[in-house]
There are 2 protein chains.
Amino acid sequence: MPTKITIQKIEKSHISEVDFNNLPFGEVFTDYMFECDYKNGAWQVPKIVPYHNISLAPSAKVFHYGQACFEGMKAYRDNQDKIWLFRPDENQKRINKSLKRLAMPEFPANYFMEGLTTLVNLEKDWIKQGEGNSLYLRPFAIATEAGVSASPANEYKFMIICSPAKAYFSGEVRVRIADKYSRSANGGTGFAKAAGNYAGQFYPQELAHKEGLQQVIWTDASTHQNIEEAGAMNVFFRINDTLYTAPTSDRILDGVTRKSLIDLAKLMGYKVEVRYVTVNELIACAKDGSLKEIFGAGTAAVISPVLGFSYKDEAYETPLPDNSYALKLKKHLTDIQTNKAEDPFGWRVLVE
Amino acid sequence: MPTKITIQKIEKSHISEVDFNNLPFGEVFTDYMFECDYKNGAWQVPKIVPYHNISLAPSAKVFHYGQACFEGMKAYRDNQDKIWLFRPDENQKRINKSLKRLAMPEFPANYFMEGLTTLVNLEKDWIKQGEGNSLYLRPFAIATEAGVSASPANEYKFMIICSPAKAYFSGEVRVRIADKYSRSANGGTGFAKAAGNYAGQFYPQELAHKEGLQQVIWTDASTHQNIEEAGAMNVFFRINDTLYTAPTSDRILDGVTRKSLIDLAKLMGYKVEVRYVTVNELIACAKDGSLKEIFGAGTAAVISPVLGFSYKDEAYETPLPDNSYALKLKKHLTDIQTNKAEDPFGWRVLVE
């Protein structure tokens with residue numbers, strides 16, 4: 001059943017004012033946004049409107065009780081000027097898992113997919129050819145109802161905003177492995193892209209920054225031994241010739257890049273084991289030389305090599321090896337995403 | 001050093017439109033709000049302005065990364081028409097702990113206290129005499145900076161909004177003791193009044209509601225044996241003639257009502273022990289009759305007797321006993337708050 005998305009046209013695009021050679025991540029937004037309100041127990045007719053500020057009561061529940069979650073996705077332009085999305089069904093399903101965990105109403109799949117493709121079509125000019133260029137897409141939902149009683153809201157807003165992006169170079173990444181702070185609890189919201197999960201990570205991240213480290217790798221809150229994820233990225237370890245990444249759980253985000261890399265690595269003939277790597281094991285492998293590389297996996301940077309880690313008072317270096325699996329996987333995955341390589345898994349979706 | 005708070009006057013109060021006999025909690029707001037912006041590395045001059053909507057970019061960080069925290073307080077009018085706050089310094093210190101944990105800038109103590117008292121003075125007419133009447137005060141702070149990169153914001157807004165409140169009757173409260181879902185992790189944000197802590201509790205609470213239970217009592221995420229708090233309330237158990245409540249930790253909110261009740265109970269000659277009660281112990285005490293009462297403690301309801309609890313498939317009743325400590329403590333504490341009883345601890349603060 002097609003959705004009747006209403007479109008309110010702008011008079012003139014502001015694209016000519018944007019310097020596409022100088023795009024800080026997530027700061028420039030396109031001309032339009034997708035918007036859909038939930039009220040009276042139902043999602044209303046979705047619309048695409050000029051990008052605009054949102055006006056909310058100071059008592060709106062998102063400000064007090066954190067009912068907010070999001071997705072991160074990208075659209076790519078290939079060398080034949082076709083526009084592609086990457087596994088959008090995964091994001092559509094995942095935001096509904098996040099919404100459910102936060103007692104927010106699930107968003108209809110057809111609204112999500114049609115909203116997304118209609119919006120991307122309208123914003124095609126913002127998607128540039130060339131390596132690393134993309135249109136970053138941010139679907140998100142917030143509780144808009146006014147009132148400070150501590151209960152789920154009855155009114156919500158689902159939006160998609162778009163930001164043109166260059167290749168995301170995070171510079172040299174070294175990480176701290178958490179031994180005190182935690183990202184999530186058993187039975188908590190760690191598997192969801194819940195807004196509150198991120199706020200809780202910023203302070204420990206800032207402590208890491210002060211040590212010259214760029215990220216925190218989180219461990220389980222009970223023992224601080226099992227290595228989980230990096231908050232904005234899932235984490236892979238290569239020990240000898242095998243790649244390891246933690247199993248998903250109610251504490252760990254089921255990352256689309258993570259699961260794609262598991263399949264792709266196997267296709268490329270790499271051994272992959274989905275199991276916890278413990279801190280003690282990691283340190284032992286770093287010392288005996290069997291730890292070959294560490295990398296993060298996520299939508300924004302696709303793959304970020306991690307060149308070293310610190311645990312308590314010790315620092316360990318993990319320089320990029322000559323035969324880096326991370327760089328090969330990154331090239332292969334981005335080639336699939338941008339229609340330069342075959343897509344044996346059917347991950348690409350043409351936007352028409 | 002006095003703060004120069006600017007005040008923008010309204011033309012006419014809307015107080016005459018408000019039915020003070022019918023006030024749902026947290027839905028009606030007064031004429032003014034306190035507002036202070038953080039930018040360029042500093043909190044700007046605070047102001048009191050007419051209550052108004054907030055306009056934010058859809059990319060504002062509060063919507064995506066949950067940098068938001070709050071406090072809950074009350075102002076009371078006594079029989080001589082004096083206006084009182086209750087331990088406002090505790091809320092002032094605690095919101096700074098919350099802000100710090102969420103990588104938000106701490107708010108100056110003098111801005112908080114002078115903003116609060118100036119606002120309460122301006123809104124005196126909204127505070128009514130009589131048992132249970134109060135002006136509920138909600139200080140809170142949100143990240144307002146636009147941009148979807150996952151890092152702490154550089155711009156924030158601190159606000160105080162006010163809502164006239166009647167005695168908060170939550171009806172009969174029975175609770176589910178958590179055995180699967182969790183509220184917080186070791187090293188997480190449980191001790192902070194972080195917005196995201198609340199969103200994560202709503203879904204398990206809704207599951208409890210479907211069973212006819214009103215709240216969830218949270219247990220530690222590792223063993224689900226140690227009873228922690230109820231999310232919007234701390235929890236006390238009376239076993240024989242001793243009151244027990246869990247120690248504060250990085251998982252448990254250091255509630256102002258909780259700590260006041262510990263002191264007050266001792267003053268009233270009750271035995272109090274601050275230690276964990278385990279689920280097994282609670283069930284054993286419910287079975288052998290030594291569990292006399294359970295109650296929640298928080299600003300909104302002051303004390304809420306809990307008349308029963310469910311754990312897994314079993315339900316236990318804990319009816320209010322004749323000689324209820326909960327009801328005596330509630331009367332004594334509210335008498336101190338409203339200047340009907342002596343204040344041996346110096347908790348009341350006159351608003352002049």
Side-chain angles (χ1 to χ4, degrees), chain A residues 24-27 29 33 51-60 62-68 70 100-103 136 138 140 142-143 146-152 159 161 163 178 180-189 194-200 202-203 205-206 221-222 231-232 300, chain B residues 24-27 29 33 51-60 62-68 70 100-103 136 138 140 142-143 146-152 159 161 163 178 180-189 194-200 202-203 205-206 221-222 231-232 300:
Chain A
F25 181 78
E27 292 187 16
F29 293 89
M33 61 192 278
Y51 187 84
H52 68 99
N53 269 19
I54 306 166
S55 173
L56 292 174
S59 66
V62 64
F63 298 141
H64 301 267
Y65 304 122
Q67 281 188 294
F70 69 94
K100 186 177 175 190
R101 183 61 183 83
L102 301 179
Y136 181 80
R138 171 58 62 99
F140 69 110
I142 59 171
V148 295
S149 68
S151 56
M159 289 163 273
I161 56 178
S163 177
K180 178 182 171 194
Y181 293 103
S182 300
R183 179 182 169 275
S184 66
N186 299 320
T189 60
N197 291 348
Y198 293 79
F202 288 161
Y203 177 68
Q205 268 171 20
E206 288 203 329
S222 305
Chain B
F25 181 78
E27 292 187 15
F29 293 90
M33 61 193 279
Y51 187 85
H52 68 99
N53 269 19
I54 307 166
S55 173
L56 292 174
S59 66
V62 64
F63 297 141
H64 302 267
Y65 304 122
Q67 280 187 294
F70 68 94
K100 186 178 176 190
R101 184 60 185 83
L102 301 178
Y136 181 81
R138 171 57 62 97
F140 69 110
I142 60 171
V148 295
S149 69
S151 56
M159 289 163 274
I161 54 178
S163 178
K180 178 183 172 194
Y181 293 103
S182 301
R183 177 181 170 275
S184 67
N186 299 320
T189 61
N197 291 348
Y198 293 79
F202 288 161
Y203 177 68
Q205 267 172 19
E206 288 202 331
S222 305

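The structure presented is a predicted model; accordingly, all values stated were derived computationally and were not measured. Chain identifiers are assigned alphabetically (A, B, ...) following the order of the sequence lines, protein sequences preceding nucleic acid strands; residue numbering begins at 1 within each chain.
Of the listed residues A:Ser59, A:Gly147, A:Ala150, the one with more heavy-atom pairs under 4.5 angstrom with chain B than any other is A:Ser59. Interface summary for chain B: among A:Glu27, A:Arg138, A:Lys100, the most heavy-atom pairs under 4.5 angstrom belong to A:Arg138. For chain B, the option among A:Ala57, A:Ala185, A:Ala68, A:Ser151 with the highest count of heavy-atom pairs below 4.5 Å is A:Ser151. Per-residue heavy-atom pair counts under 4.5 Å with chain B were compared for A:Ala103, A:Pro24, A:Gly196, and the maximum is reached by A:Ala103. Per-residue heavy-atom pair counts under 4.5 Å with chain B were compared for A:Ala221, A:Pro152, A:Ser55, and the maximum is reached by A:Pro152. Taking A:Gly66, A:Ala60, A:Ala146, A:Ala232 one by one and counting their heavy-atom pairs under 4.5 Å with chain B, the maximum is reached by A:Gly66.
Below 30°, between 30° and 60°, or above 60°: for A:Phe70 and B:Tyr65 the angle between ring planes is above 60°, a perpendicular geometry.
Heavy atoms closer than 4.5 Å to chain A are found in the side chain of B:Ile161, but not in its backbone. Residue B:Gln67 touches chain A through both its backbone and its side chain, counting heavy-atom pairs closer than 4.5 Å. Interface residue A:Leu56: backbone and side-chain heavy atoms are both found under 4.5 Å from chain B.
Smallest separation of non-hydrogen atoms from B:Phe25 and A:Val148: CE2-O, 4.1 Å. Across A:Gly200 and B:Arg101, no two heavy atoms sit closer than the pair O-NH1, 2.8 Å. The minimum heavy-atom distance linking A:Val62 with B:Phe63 is given by the pair CG1-CE2, 4.0 Å.
The main-chain N or O of B:Asn186 is found under 3.5 Å from a side-chain atom of A:Ser182 such that the two form a donor-acceptor pair. Using modelled atom types, no side-chain atom of B:Ser149 and backbone atom of A:Gly26 make a donor-acceptor pair closer than 3.5 Å.
A:Thr189 OG1 to B:Asn197 CG: the interatomic distance, rounded to the nearest 0.5 Å, is 9.0 Å.
In this structure, A:Tyr198 has its ring center no closer than 6.0 Å to that of B:His64.
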